[in-house]
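Because only heavy atoms are used, hydrogens play no part in the values below, and waters and symmetry mates are left out as well, while side chains stay in.
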Amino acid sequence: MTNREIADILKRIGDMLDILGENRFKVIAYRRAAENIMNLGRDIREYWVSGNLEEIPGIGAAIAEKIEEMLTTGRLEFYERLQDDVPVGVVSLLEIPDVGPKTAKLLWEELGLQSVAEVEAAARSGVLRSLPGLGAKSEAKILAGIEAVHRRSDRISLGTAWPVAQDLLQALLAESSEIVEVAVAGSLRRMRSTIGDIDLLVASEAPAAVMRAFAGLARVSEVMLSGSTKTSVRLHNGLQVDLRVLDPGHWGTALQYFTGSQAHNVRLRELAQKQGLSLSEYAFKRDDGSEVTCAQEAEVYQTLGLPWIPPELREDRGEIQAALSGELPRLVESQAIRGDLHAHTDWSDGAATLADMAEAARALGYQYLVISDHTQSLGVAQGLTPDRLAEQRADIDALNARWDDFTLLQGCELEIKADGDLDFEDDVLARLDFVVASVHTSLRQDPEQITRRVLNALHNPYVDVIGHPSGRLLGQREESAVDLGTVIQAAAETGTALEVNSIPARLDLDDIHVRRATGLGVKIAINSDAHHPGGLENLSYGLATARRGWAEATDVLNTFTLDELRAWRQTRIARQSNA
DNA sequence: GCCGTTTTCGGCCCGACTGTTTTCAGTCG
């Protein structure tokens, strides 16, 4: 069983116990364990084999025993027995917004409903309103929630949400003069790869006026909810946006709170409690009722004796412990990026010329740009033959005479073919300045096969980086079956770098595997994979993903100067060729 | 069910909003 399968079962156990009305801390324990397993970045079997399951945060003797049973037998008796008490179909009712454990239990016990479809039918026929505690409004709300489920209101990508949020902030500032501070909060500020809804935060002395202005923005199609501190709207494009407006004096606690994550906040509040403080989005309260307010976010952490923690780290993945012991990473920043190692031109499937891509990279302040057009076997992308590659080299050399502060490097995005062979012979690769090798075809191979392909590329001394290693396309395609744990191990041995591809639908490697890779000394390359000049700017999303993976500048290949980059490649080729 | 710069037992975050409520439960983040 995979990490995800085990985590899914533990999470569902949490849901079942919740519906049964079990001790809520037991429920939280199962959910926390599931979350931490999803965050591992390595196969849970490794912990099991070495007898270290209980080293995973949130996993104690009881859950460790259950994991062991699942890994040994592929089943879990406890889970199967629970299904006699709560059918899995009842758990699925929790997917409906505004239906929680109590309502799910009610619908099941009173009406025998065990699927979203059955609840929908019951709601339409008007029987839900007869249940104790439910009325006509609740019935309508449940129906609306089910329609939202049907619309498959999937999470949207970071690259979609970020510009929308910036636009909304600008529009809000233009509409209202009563705004003291504005910020993006929530998972968007933490730069998660996908976003459920956009959270905006405003500090103002006139909240009602600000919220009226917000509800009146042209992009807003519907006001879903409005209270004295919070307004939720739906935009014409279907996105949900929550706006909170708070007093400027409470800005620090509010920004901290609404940035989350929820799990991070819970940890922080537990820490506060140990210090005799109660933390809310408004203030710290002491037992005697006196308050400590924070106008700046850093003051919140300072009050608890912590350094400020960057939003990208706030996922309860050990950041508070690291902050307590003074071991927070010094995350890589955009100024440290000296170049981009993966970009396409009209020589293959890009939209722009070599010169246009180069000038765009130079305008970003880069020292170098690697042109990595596709190679011959990727026909759909007009992949280059060795001959075409030689012609391109002449053009690149000619262009390089233009600048003394910038260098265009010739690379390629080398096909790792379905049988594991590479698309060029070594003598062709040796003439290039840089090589990114990627899988684009036969992504549905079984784990052994596709992992062997990537390992083969890793062991070629001329391959510098493995491009978008998992092959995922967020919301469209699951990652391939490639065993990233094995790939990362091998990269640590060969000295090959792994890419964090910055295309918003990819963000691949993801944050969890970045952390695992850098922890083993593997260099990562944060690349735009741009197919037009504007695409270079997507690199900020890859950078954020790397930061979420605790990456420091020294972990990132493209913080190197051009000389360092060349030396790195030469040294690695020499070492790997002798190995 | 997990966990420990007070604890191996007794804790485990905090508030807004909604609906069906005569004082609060449920859900959400």
Side-chain angles (χ1 to χ4, degrees), chain A residues 10 13-14 17-19 21-36 53-67 78 93-107 128-142 144-145 185-188 190 195-199 201 207 211 223-232 240 242-246 250 253-254 256-285 304-305 314 316 320-321 324-325:
Chain A
L10 293 176
I13 290 173
L17 296 176
D18 202 1
I19 290 167
E22 252 286 4
N23 177 315
R24 68 190 179 97
F25 300 106
K26 189 188 280 194
V27 172
I28 289 169
Y30 275 100
R31 291 182 178 151
R32 222 176 228 181
E35 186 61 31
N36 288 330
L53 280 172
E54 289 182 49
E55 275 181 15
I56 300 169
I59 292 181
I63 293 182
E65 197 177 311
K66 293 183 173 67
I67 292 170
F78 176 69
L93 303 187
L94 299 179
E95 290 167 20
I96 306 170
D98 299 311
V99 173
K102 297 290 190 293
T103 310
K105 188 176 189 204
L106 183 74
L107 295 172
L128 296 195
R129 68 183 70 183
S130 64
L131 294 177
L134 294 186
K137 283 192 173 180
S138 297
E139 191 175 79
K141 208 164 157 184
I142 287 172
S187 55
L188 191 50
R190 303 198 311 278
I195 308 296
D197 55 27
I198 293 177
D199 289 300
L201 200 59
M211 287 196 278
V223 177
M224 302 166 68
L225 164 167
S226 81
S228 60
T229 71
K230 172 177 171 173
T231 297
S232 287
Q240 185 181 330
D242 295 345
L243 171 73
R244 335 259 171 163
V245 185
L246 293 114
H250 298 133
T253 38
Q256 193 291 314
Y257 173 69
F258 288 114
T259 297
S261 66
Q262 191 176 352
H264 174 87
N265 287 353
V266 168
R267 291 293 186 203
L268 221 53
R269 288 166 180 215
E270 286 172 357
L271 193 60
Q273 281 204 322
K274 284 182 191 150
Q275 301 177 18
L277 296 165
S278 164
L279 171 61
S280 77
E281 56 264 51
Y282 300 108
F284 287 98
K285 269 189 210 139
L304 294 169
R314 301 182 196 172
D316 187 26
I320 291 173
Q321 195 52 45
L324 280 168
S325 56

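- Within a 6.0 Å radius of CD in A/E270, other residues, nucleotides and ligands contribute more than 12 heavy atoms.
- The gap from the P atom of B/dC3 to that of B/dT8 amounts to 16 Å, rounded to the nearest Å.
- Taking atom P in both B/dG26 and B/dT20, one finds a spacing of 14 Å when rounded to whole Å.
- Protein atom CZ of A/R267 is 14 Å distant from nucleotide atom P of B/dC14, rounded to whole Å.
- Comparing the C1' positions of B/dC12 and B/dT7 gives a spacing of 13 Å, expressed to the nearest Å.
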Summary of protein contacts for nucleotides 18-29 of chain B, nucleotide by nucleotide, where a base hit scores B, a sugar-phosphate-only hit scores S (4.0 Å, heavy atoms): SSS-----SSSB

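- Ring orientation note: the planes of A/F78 and A/Y30 are close to parallel, at an angle under 30° on the 30°/60° scale.
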For each nucleotide in nucleotides 5-10 of chain B, reading 5' to 3', give B when a protein heavy atom comes within less than 4.0 Å of its base, S when such contact involves only the sugar-phosphate, and - otherwise. -B----

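- Residue A/L10 contributes atom CG, which lies 10 Å from atom P of B/dC2 at whole-angstrom precision.
- A/I59 comes within contact range of the sugar-phosphate backbone alone, with a heavy-atom separation under 4.0 Å but no base atom that close.
- Closest heavy-atom contact between A/G196 and A/S187: N-OG, 4.4 Å.
- Rounding to the nearest 0.5 Å gives a distance of 5.5 Å between CG of A/L271 and CG of A/L324.
- Atom P of B/dT21 sits at a distance of 22 Å from the matching atom of B/dC17, rounded to the whole Å.
- The minimum heavy-atom distance linking A/L279 with A/A272 is given by the pair CB-CB, 4.2 Å.
- Nucleotide B/dA25 forms a Watson-Crick or G-U wobble pair with B/dT18, both donor-acceptor distances falling under 3.5 Å.
- Set against B/dC14, B/dG1, B/dA16, the side chain of A/S280 has B/dC14 as its closest nucleotide.
- At whole-Å resolution of the value, NZ in A/K66 and C1' in B/dG1 are 8 Å apart.
- Among all heavy-atom pairs drawn from A/N36 and A/P57, the shortest one is ND2-O, 2.9 Å.
- Nucleotides B/dG15 and B/dC9, compared at atom P, are 32 Å apart to the nearest Å.
- Rounded to the nearest 0.5 Å, atoms CZ (A/F284) and OG1 (A/T253) are 8.0 Å apart.
- Of the two residues contacting DNA chain B, namely A/G60 and A/N265, the nearest-nucleotide position lying further toward the 5' end is that of A/G60.
- The CD-C1' distance, from A/Q256 to B/dC13, rounds to 12 Å in whole Å.
- Taking only side-chain nitrogens and oxygens, A/Y282 comes nearer than 4.0 Å to OP1 or OP2 of B/dA16.
- Between A/S278 and B/dG15 there is no side-chain polar atom (N or O) within less than 4.0 angstrom of OP1 or OP2.
- Along DNA chain B, the nucleotide closest to A/S228 and the one closest to A/K26 are compared, and the more 5′ of them pairs with A/K26.
- Judged by distance alone, the side chains of A/Q262 and A/D316 never bring a donor and an acceptor atom under 3.5 Å apart.
- For the pair A/E35 CD and B/dG1 C1', the interatomic distance rounds to 17 Å; values are reported in whole Å.
- For the salt bridge (Lys or Arg N to Asp or Glu O under 4.0 Å) criterion with A/D18, the lone passing option out of A/R31, A/K26, A/K102, A/R24 is A/R31.
- Of all heavy-atom pairs between A/H250 and A/Y282, the closest is CD2-O, 3.0 Å.
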